[in-house]
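Contents: one structure, followed by commentary.
Nothing here was measured: the structure is a model prediction, and the numbers come from that model. Each chain gets a letter, A, B and so on, in the order the sequences are listed, and its residues count up from 1.
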Amino acid sequence: MFDDRARVVSVAQHEHRQHFPRPGWVEHDPEEIWRNVLLVVRVALDKADLSPSDLCALGIANQRETTVLWDRRTGAPVHNAINWQDTRTDRLCREIVREHGQDMFREKTGLPVSTYFSGPKIRWLLDRIPGLRERAEAGEVLFGTIDTWLIWNLSGRHVTDVTNASRTLLMNLHTLDWDPVLLDAIGVPAAMLPEIRASSELYGEAGPPLAGVPVASALGDQHAALVGQTCFNPGDAKCTFGTGSFFVLNTGARPVTSERGLLTTLAYKLGSAEPAYALEGSIAVTGALVQWFRDNLGLIGSAPEIETLALTVEDNGGCYFVPAFSGLFAPHWRSDARGVIAGLTGYINRGHLARAVLEATAWQTREVMEAMNADYGHALSALRVDGGMTPNNLLMQFLADVLDVPVMRPIVAETVSLGAAYSAGLAAGFWPDTEGLRKNWHRAAEWLPSMDAGAREKGYRKWKKAVARAVDWIDEDD
Amino acid sequence: MPGRIQSIERAAAILRLLSGRSRRLGVAELAGELRLPKGTVYGILRTLQAVGFVEQDRDSGKYQLGPALLHMGSSYLDGNELRTRALNWADGLATRSGESVRIGTLHENQVLIVHHVFRPDDTHQALDVGSLLPIHATALGKALLAHHDYLAAELTPGSLPGYTPATVTDVYRFRQELEAIAQRGWAVEVGELFHGTASIAAPIEDRRRVTVGSMGIAGPIERLCDGRQPKAEFVDYVMEAARAVSRELGAIPW
């Protein structure tokens with residue numbers, strides 16, 4: 001819960017279980033998610049001693065692509081939600097590509113066919129559960145990403161927002177509507193799909209226990225963070241540094257087709273205003289490398305201690321770590337790559353390795369930023385950051401050094417929740433416009449570039465040589 | 001190679017006994033266990049007490065391990081970890097107070113700044129993480145020292161340099177102030193480091209109630225104080241934020 005100056009009024013959180021029925025499969029229980037949402041809403045209200053009537057509006061930010069199918073009449077899910085990380089549609093995706101190619105999907109949706117996106121997950125369920133396709137065609141079974149599932153349970157409406165719809169492989173990026181050619185290619189009946197609406201608009205009113213509260217926004221988490229960081233101008237960018245990292249650049253009114261492995265996606269659509277588009281670069285392993293360093297090598301006891309260890313040495317000692325644990329994402333998209341530590345000598349100690357681990361996050365971000373600058377045609381002038389790795393000062397300074405732009409952290413770390421609140425508050429008239437929201441954004445910290453150009457370019461050259469050693473590792477018989 | 005020093009061996013044996021199952025032992029019990037004269041054991045205990053390695057329970061007169069020892073042991077908290085765990089609360093304190101926030105830890109009788117949140121007004125500010133501040137002329141330092149009696153006890157006359165006419169340089173007066181701070185749970189400094197600026201801070205405790213850091217705000221005297229007294233609302237904000245971080249670290253909830 002936020003107040004009118006975007007200050008946190010209260011916070012409640014609750015983890016839900018992850019289910020791993022088979023290797024590569026990841027599921028969530030949609031009923032548990034709904035119960036937990038009700039729980040955290042009650043706890044947040046209780047903590048602040050407020051009641052639902054004190055709320056001006058409610059917004060939703062959610063992990064994208066996770067797929068739920070449920071019975072329209074009973075509201076009961078027909079299967080666990082298939083999580084975005086789930087790779088069970090691997091073979092199905094290859095079949096779809098063989099039949100239709102990647103170009104049509106790239107052109108219509110801005111995405112490559114991949115196991116992440118919802119469309120193939122829907123198709124998998126329709127193929128596997130007897131009778132489900134017929135019920136879906138008759139409109140008896142509904143599809144939703146988690147935003148849709150929650151809005152359905154809150155208000156009884158079957159809607160999604162453009163940002164979530166843009167990650168299904170089913171929405172046409174230019175018309176912002178379901179595309180019959182895509183539905184046909186993936187094999188999803190139109191009758192089961194929600195109505196696509198703006199990210200910020202009144203979807204309906206919540207029933208008990210939030211009776212009367214307007215449900216007024218939905219955004220995928222990375223899009224919500226962009227809004228929470230008030231990146232409303234074309235050219236504004238944010239990067240969220242978690243276990244993986246997500247770099248999103250607002251490209252304004254035009255969708256920019258990437259020639260360098262970035263995704264073209266919706267930034268947001270606020271009410272009846274024109275939609276804003278974005279380029280997105282995802283990095284698979286950033287904070288996860290620090291966790292691996294902690295859990296698998298045991299050289300540190302907790303993730304923040306990596307900074308302490310890295311500060312025991314002056315530099316990386318010539319050592320580079322490419323964490324291609326399951327291939328490389330943007331801008332390389334090489335599934336045949338695996339991790340390497342390059343430049344090892346007898347001089348290297350664990351402090352140098354800790355440096356190399358942190359620097360890997362910065363170099364990977366630099367690669368994505370270069371792709372963005374080239375695809376977009378303008379160079380980024382500053383980067384707004386958030387996420388679990390931003391308390392790491394050494395990393396944030398190194399990031400500013402290798403990107404050669406100022407790096408800024410906002411004072412509200414909860415940018416994802418804030419983005420959902422901003423969108424809902426705009427729809428409800430709580431805030432008049434995005435200009436007012438920008439006034440709430442304050443720097444909590446800023447790191448300025450201080451590395452000389454020669455050192456930066458040499459480091460980047462070495463990083464690229466290390467990446468060249470990571471690719472082409474996996475063979476046919478692996 | 002020189003021989004081993006008997007009194008240090010005996011001191012180690014006492015510490016080992018105190019860290020054992022009973023944890024709190026009297027002079028006679030310790031003397032019995034170690035088969036040493038009570039006078040010898042008492043002398044060693046007095047020395048260990050003076051350096052903060054043991055403390056005497058007021059009611060029973062028995063001895064237990066002291067905070068200095070706990071601080072050196074497993075309760076040591078990495079400054080980078082403290083920053084990570086405190087981040088949300090430090091941001092919240094800056095938002096509520098409208099002032100810059102810092103978190104400090106003890107480093108060789110100075111305050112090491114481990115976290116800094118800018119004042120939320122978008123003026124140009126530079127991160128000062130890693131800088132060192134004098135312990136007796138900052139609220140952060142006073143809040144740290146107030147809960148480390150053994151360090152306060154080591155202060156010698158002349159060890160407190162003056163930065164402004166308001167700096168407390170008299171050791172006796174300074175110790176009195178530390179006692180008051182320990183009682184009320186927060187520290188203040190008004191123009192004692194720089195003319196015109198004030199700071200308010202409170203201790204951060206870990207799950208053993210050992211002070212592992214302090215957290216506070218700094219700003220112009222006229223914004224933070226009424227006359228020479230800190231404004232009550234700012235003291236509340238600082239204490240609440242420091243308590244929240246202590247809770248985050250597992251200190252006993254209160």
Side-chain angles (χ1 to χ4, degrees), chain A residues 2-11 13 47 230 241 287 290 294 300-312 354 358 385-397 400 406-415 417-418 438-448 450, chain B residues 73-103 105 107 112-131 206-207 212-213 215 217 233 237 240-241 244-245 247-250 253:
Chain A
F2 294 91
D3 68 10
D4 56 346
R5 285 171 59 192
R7 294 178 298 197
V8 175
V9 175
S10 82
V11 177
Q13 45 196 342
K47 271 191 189 173
T230 64
F241 293 93
V290 178
R294 178 195 64 198
I300 46 173
S302 73
E305 282 176 26
I306 191 147
E307 188 173 352
T308 314
L309 181 56
L311 285 167
T312 59
L358 290 177
V385 298
D386 51 53
M389 292 182 93
T390 51
N392 192 310
N393 271 309
L394 183 67
L395 171 60
M396 291 298 115
Q397 182 57 55
V407 168
M408 297 176 289
R409 180 177 83 79
I411 209 157
V412 177
E414 306 285 349
T415 54
S417 315
L418 184 58
R438 232 190 292 256
K439 295 200 185 86
N440 292 329
W441 192 95
H442 298 294
R443 258 183 313 233
E446 180 174 36
W447 295 269
L448 301 171
S450 66
Chain B
S74 60
S75 70
Y76 166 77
L77 184 68
D78 185 284
N80 294 313
E81 172 125 26
L82 179 56
R83 179 191 319 121
T84 304
R85 308 271 291 266
L87 193 80
N88 278 335
W89 309 108
D91 283 352
L93 178 56
T95 312
R96 292 179 79 184
S97 66
E99 302 294 345
S100 65
V101 171
R102 285 172 185 76
I103 293 178
T105 59
H107 183 79
L112 172 67
I113 302 301
V114 299
H115 185 43
H116 174 194
V117 183
F118 289 170
R119 189 175 55 253
D121 61 5
D122 297 323
T123 55
H124 178 74
Q125 295 162 72
L127 270 189
D128 61 11
V129 172
S131 60
D206 72 358
R207 68 196 147 80
V212 293
M215 177 175 189
I217 57 176
E233 57 171 324
Y237 293 160
E240 269 175 43
V245 176
R247 270 198 299 272
E248 168 74 29
L249 298 177

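Contact between A:Pro304 and B:Asp78 at its shortest, heavy atoms only, is O-OD1, 4.5 Å.
Only the side chain of B:Asn88 comes within less than 4.5 Å of a heavy atom in chain A; its backbone stays farther off. In this structure, chain B has no heavy atom under 4.5 Å from any part of A:Gln397. For A:Arg5, no part lies under 4.5 angstrom from a heavy atom of chain B. For chain A, the nearby part of B:His116 is the backbone; its heavy atoms alone come within less than 4.5 Å.
No side-chain heavy atom of A:His442 sits under 4.5 Å from any side-chain heavy atom of B:Phe118. Contact of the A:Glu305 side chain with the B:Asn80 side chain is not registered, since no non-hydrogen atoms from C-beta on lie closer than 4.5 Å. Using a 4.5 Å cut-off on side-chain heavy atoms (C-beta onward), B:Arg96 and A:Arg7 make no contact.
Among B:Asp91, B:Leu127, B:Val117, B:Val129, the residue making the largest number of heavy-atom pairs under 4.5 Å with chain A is B:Asp91.
When the shell of 6.0 Å around CD of A:Gln13 is examined, it contains 12 or fewer heavy atoms from other residues, nucleotides or ligands.
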Would B:Arg83 and A:Glu307 count as a side chain to side chain contact (heavy atoms under 4.5 Å, CB included) if you check the C-alpha gap in whole Å, the side-chain angles of each, and the deciding distance to 0.1 Å?
CA-CA 11 Å; B:Arg83 179 191 319 121; A:Glu307 188 173 352; 3.0 Å; yes

